[in-house]
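Heads up: the structure comes next, in structure tokens.
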Amino acid sequence: MATAVEIRNLSKHYKNVIALSDLSLDIKQGEIFGIIGPNGAGKSTTLKILTTLLTPSSGYAKIFGTDVAADPDSIRKNISYLPEEAGAYKQLTGREYLEFMAGLIQIPDGETPAEVVNRGIGITGLEERIDDRTKEYSKGMKRKLLIARALMSKPKLAVLDEPASGLDVKHAYYVRGIIKDYVRTMGITVLLSSHNMLEVEFLCDRVCLLDEGHLIDIGTPNELTAKYSARNLEEVFIKATGSSSAVPGGAI
Ligand code: ATP
């Protein structure tokens, strides 16, 4: 399978902080790949470099063969990015928001903006509420709209920062369902970061664990749980990052 993302010796330094140190990994086309790690591990830094919002201090990242730092315009045409703290324009209805965004993104060959918007409306699952102003939406409804915006153009790579962050069980289940099923059908490659290990285990083909800017481990959820003799990814996380001492009694 073709390589969607190639990361080699990628580092990002701020004055006194090493946000990311010498990260190398590949993501295959069609994969749902998760980045996990404690707060400050370098997850958002990695996503921001890949989405051209940050430039690396050293090393490189390529998306479908194009260097993200050398040709950011071309990268932006082929990817979509859902930041953790994204919002929709409050005065627009959900439909108007998707129409507005369709004017800014790359429309797939052979499709019209209207077709892309209709696909987006379908992804939201908002039905008649799509014509309400987004300021009247709950957090879960807004997130569904934003996920639809990120996926409606069938980008080659969707980068999703905490896709179901802060959602109740029902909305989170819906959003994960979209990612798992829709993305597979469309052949979209997904890179996501999450603090929810249940979500990562459910969604991701492979996972990498970062801590303090360093790659600690990488593999399928099954490989990692076997390697750490863990019952689930949460235990892998605790064991691999040495966080168990923070748990009263030292264990869950
Ligand atoms: P979280 O799970 O809390 O969102 P993260 O894994 O996404 O964390 P990053 O946001 O990538 O972590 O941050 C990695 C490190 O880089 C942290 O120590 C953070 O304080 C630092 N950092 C991020 N942005 C800047 C900045 N603009 N200036 C200085 N340091 C920064």
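Numbering of ligands and ligand atoms starts at 1, following listing order. Position 1 is the first residue of the sequence, and the numbers go up from there. Predicted, not measured: the structure shown is a model, and the values here were computed from it.
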Enumerated ligand 1 atoms positioned under 4.0 Å from heavy atoms of G42: 5 (P), 6 (O), 11 (O), 12 (O), 14 (C)

Aromatic Y60 / basic K62 pairing, under 6.0 angstrom, 45° off normal: yes

Linked, directly or transitively: L160 and L50 (ILVMFWY side chains, under 4.5 Å): no

H195 neighbourhood, listing ligand 1 atoms whose heavy-atom distance to it stays under 4.0 Å: 2 (O)

E111 bridged to K154 by N-O distance under 4.0 Å: yes

Ion pair check, D132 and R129, cut-off under 4.0 Å: yes

NZ (K180) with more than 12 external heavy atoms under 6.0 Å: yes

Geometric N/O contact G37 with ligand 1, under 3.5 angstrom: no

Cation-aromatic face contact K170/Y174, 6.0 Å, 45 degrees: no

Heavy atom of the protein closest to atom 22 (N) of ligand 1 (residue, atom name, distance): Y14 CE1, 3.6 Å

Enclosure of E212 CD (heavy-atom neighbours >12, cutoff 6.0 Å): no

Side chains of D217 and Y228, donor plus acceptor under 3.5 Å: yes

Nearest candidate to atom 3 (O) of ligand 1, where distance is taken over non-hydrogen atoms, out of N39, I35, I36: N39

Any protein heavy atom nearer than 4.0 Å to atom 5 (P) of ligand 1: yes

Any N or O of K43 closer than 3.5 Å to N or O of ligand 1: yes

Per-atom contacts of ligand 1 with T45, taking only distances under 4.0 Å to non-hydrogen atoms: 9 (P), 11 (O), 13 (O), 14 (C)

Residue V17 vicinity, atoms of ligand 1 by number, heavy atom under 4.0 Å: 16 (O), 18 (O), 21 (C)

Proximal atoms of ligand 1 relative to A19 (non-hydrogen, under 4.0 Å): 14 (C), 15 (C), 16 (O)

Numbering as shown, the atoms of ligand 1 that approach P38 to under 4.0 Å (heavy-atom distance): 6 (O)

Contact bool for atom 19 (C) of ligand 1 (protein heavy atom, d < 4.0 Å): no

Heavy-atom nearest neighbour in the protein, as seen from atom 10 (O) of ligand 1, with distance rounded to 0.1 Å: S44 CB, 3.7 Å

K156 side chain reached by I79 side chain, heavy atoms, under 4.5 Å: no

Test: R8 and D67 ion pair at under 4.0 Å: no

Contact atoms of ligand 1, heavy-atom distance to A41 under 4.0 Å: 5 (P), 6 (O), 12 (O)

For atom 8 (O) of ligand 1, closest protein heavy-atom neighbour: G40 N, 2.8 Å

